[in-house]
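Below is one structure, written out as structure tokens; comments come after it.
Fair warning: this is a prediction, and the values are worked out from it, not measured in the lab. Sequence lines set the chain letters: A, B, ... in the order given, protein chains first and strands last, and positions in each chain run from 1.
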Number of protein chains: 2
Amino acid sequence: MDPTRKRRFKQQLFDQFARLGKALANNHRLELIELLAQGERSVESLAREADLSVANASQHLQVLHAAGLVEQRREGVFAYYSLTPGAFPLWQALRDLARQRLAEVERLVESTLEREGEPVGLEELARRLEHGDAVLLDVRPLREFEAGHIPGAIPAPVAELEALLPSLPRGVEVIAYCRGPYCTFADEAVELLRARGFNARRLELGLPDWRAAGYPVRQGVGA
Amino acid sequence: MDPTRKRRFKQQLFDQFARLGKALANNHRLELIELLAQGERSVESLAREADLSVANASQHLQVLHAAGLVEQRREGVFAYYSLTPGAFPLWQALRDLARQRLAEVERLVESTLEREGEPVGLEELARRLEHGDAVLLDVRPLREFEAGHIPGAIPAPVAELEALLPSLPRGVEVIAYCRGPYCTFADEAVELLRARGFNARRLELGLPDWRAAGYPVRQGVGA
DNA sequence: TCCATATTCAATAAATTTATTGAGTGCTTG
DNA sequence: CAAGCACTCAATAAATTTATTGAATATGGA
């Protein structure tokens, strides 16, 4: 094969790969991906949670769209964005390699969050659910619970968790999960639960990880 | 948790993730990763193959190093770089998602390479090797064969393949593999082999993919 | 029809990334 | 110890990315 032609091919090919890489090269876009991994959301809602102006969020979403990482659905005046199939595993790989290779990640987590004890792994949770010897709380905002949750989980947004405590059984361990390994909802929930005398731990990972591992996910309202 | 504190945590956390993302945001760096996936190499050698100046290659390697994707070993006057554990799966995920979501990738491959027939998958290759009903050629440069190859493969750099043809058996299918799904060495080998009357196909993926799938890899010289 | 709202677009300035250039460092060899 | 080599460093200009701003578009309801 003609070397010039071969070089041009590689150049163009890796330009394409870099298109995708460039989409991952910004903290705000990665945060949007993490939010979208929980289910589709409107621009304004994403902007508010990621602390961006609406115009800026819209631009970042367009970059993600051009890279094939998100898709858009329009409903009336709203634009709902969601992750494309396959986008989550890439984000997961990046997130996990960052934890493994960049010591600063671990340092940040340890210095900011006061996590105590070992978290529950996906496999262990699956076993516990089968045995029925644990109560599972989904402590994400209700909208995300409705978009997809672990079967058997109780919707319990952290803000409303307090009101829910009296209805929880005291004999078994309470397990709380949220968006992912760096989401603090579950940590806050565990802190509150322990303060009230519950035996509580957080799930190590989040709902998207549960789904990606091949475990079942249920949609809709109610526990 | 104090919302300001929480936001700062997320900001810093996603800044770290973006550190890694930014390292993937450049075509030349991705090409360096692909080359390093075949085994360690010196700066000068990488620069030559990726068509970069030595200084520029060195800078890109430092960016990859800062992101934890590569590590360095010094030997005399040479600096040998290699991928860190876990770096390849991330590159693999990005590469595969790009193929899946960016139509331009497929278009480029089809318009540039004249691939005919279906390639051999990893599983099929493993089966064929067990049965012994195929000849396997590693058509990468010898240095890469020595750094790691599929057990039973014959070293056969494309440039020297012609001289090797007479010694190949004619009854069985010949399978050629190289660096990865977009590496053209195997395509060139298959083209030559078919022109000479051999029954030949390429492996769909490359050696790093074989290794990452958990199959054994052998180091050193000789078949 | 008019208005409010959600989103996108376009223009701009600031910040960051990139390739190039030439000098600097350190090791090995004659 | 001088020279050659592999690599890194530092400075620079060009290119790209980013956030902000205000205007434009489009939809649904008053």
Side-chain angles (χ1 to χ4, degrees), chain A residues 7-8 10-12 14-33 35-36 40-67 69-82 143, chain B residues 7-8 10-12 14-33 35-36 40-67 69-82 143:
Chain A
R7 178 109 291 284
R8 200 178 48 223
K10 281 205 178 174
Q11 174 75 40
Q12 294 177 318
F14 281 90
D15 276 351
Q16 292 303 313
F17 295 143
R19 259 174 80 192
L20 189 43
K22 282 178 205 290
L24 303 175
N26 178 277
N27 53 348
H28 299 303
R29 283 199 293 274
L30 293 178
E31 196 173 345
L32 291 174
I33 290 174
L35 291 172
L36 289 170
E40 66 169 19
R41 290 183 68 157
S42 71
V43 177
E44 198 273 336
S45 145
L46 288 164
R48 190 152 18 83
E49 180 138 2
D51 205 24
L52 299 172
S53 74
V54 171
N56 196 7
S58 176
Q59 283 181 324
H60 280 307
L61 287 165
Q62 285 171 68
V63 172
L64 291 172
H65 184 78
L69 288 167
V70 307
E71 52 199 3
Q72 197 208 48
R73 178 176 74 83
R74 283 193 166 275
E75 190 178 307
V77 75
F78 296 95
Y80 291 101
Y81 284 88
S82 55
R143 165 180 48 194
Chain B
R7 178 108 292 283
R8 198 178 51 221
K10 281 205 176 172
Q11 173 75 39
Q12 294 178 318
F14 281 90
D15 276 351
Q16 293 303 313
F17 296 143
R19 260 175 79 190
L20 189 44
K22 281 177 207 287
L24 303 173
N26 178 277
N27 53 349
H28 298 304
R29 282 198 294 272
L30 294 178
E31 196 173 346
L32 291 173
I33 290 174
L35 291 172
L36 289 171
E40 66 168 20
R41 291 181 67 156
S42 70
V43 177
E44 199 274 336
S45 145
L46 288 165
R48 190 152 17 83
E49 179 137 4
D51 204 26
L52 298 172
S53 74
V54 171
N56 196 7
S58 175
Q59 281 181 327
H60 280 308
L61 287 165
Q62 283 170 71
V63 172
L64 291 172
H65 184 78
L69 288 166
V70 308
E71 52 197 4
Q72 198 208 46
R73 179 177 73 84
R74 284 194 165 272
E75 190 178 308
V77 76
F78 295 94
Y80 291 101
Y81 283 89
S82 55
R143 166 179 45 192

Worksheet entry | Toward the 5' end of DNA chain D, by each residue's nearest nucleotide, A25(A) or G76(A) |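 This one resolves to A25(A).
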Worksheet item: Starting at the 5' end of DNA chain D, which residue's closest nucleotide do you reach first, E75(A) or S53(A)?
Response: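 It is S53(A) whose nearest nucleotide is closer to the 5' end.
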Does [N] have OP1 or OP2 under 4.0 Å away from a side-chain N or O of [X]?
X: N56(B); N: dT18(C); value: no
X: R73(B); N: dC7(D); value: no
X: R29(A); N: dT18(D); value: yes
X: H60(B); N: dA19(C); value: yes
X: Y81(A); N: dT8(C); value: yes

Practice prompt. Using modelled atom types only, decide if a donor and an acceptor are shared between the side chain of R143(B) and the backbone of R41(B) within a distance under 3.5 Å.
Written response: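 Not at all, since once roles are kept as given, no pair shorter than 3.5 Å links the two residues.
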Discussion item. Mind checking if V77(B) touches a base, just sugar-phosphate, or nothing, with heavy atoms under 4.0 Å?
Written reply: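 Since a base atom lies under 4.0 Å of V77(B), the category is base.
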Worksheet item: Counting any heavy atom closer than 4.0 Å, what does Q59(B) reach on the DNA or RNA strands: base, sugar-phosphate only, or nothing?
Response: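 Since a base atom lies under 4.0 Å of Q59(B), the category is base.
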Practice prompt. Using five base pairs at each end, measure the axis-to-axis angle across the helix from dT1(C)-dA30(D) to dG30(C)-dC1(D) and round it to 10 degrees.
Written response: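 For the helix from dT1(C)-dA30(D) to dG30(C)-dC1(D), the axes at either end differ by 20°.
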Practice prompt. Sequence neighbours left out, what passes side-chain hydrogen bond (donor to acceptor under 3.5 Å, both in side chains) with S42(B)? Give chain and number order.
Written response: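 Here no residue qualifies.
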Worksheet item: What pairs with Q59(A) under side-chain contact (heavy atoms from CB on, under 4.5 Å), at least two apart in sequence or on another chain?
Response: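 side-chain contact (heavy atoms from CB on, under 4.5 Å) check on Q59(A) returns N56(A).
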Discussion item. Taking the minimum atom-to-atom distance to the side chain of Q72(B), which one of dC5(D), dT17(D), dT8(D) wins?
Written reply: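 Within the option list, the nearest is dT8(D).
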Practice prompt. Please check if any side-chain donor atom of Q62(B) sits under 3.5 Å from a side-chain acceptor atom of S58(B), or the reverse.
Written response: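 Their side chains do contain a donor-acceptor pair, which is all the 3.5 Å distance test asks for.
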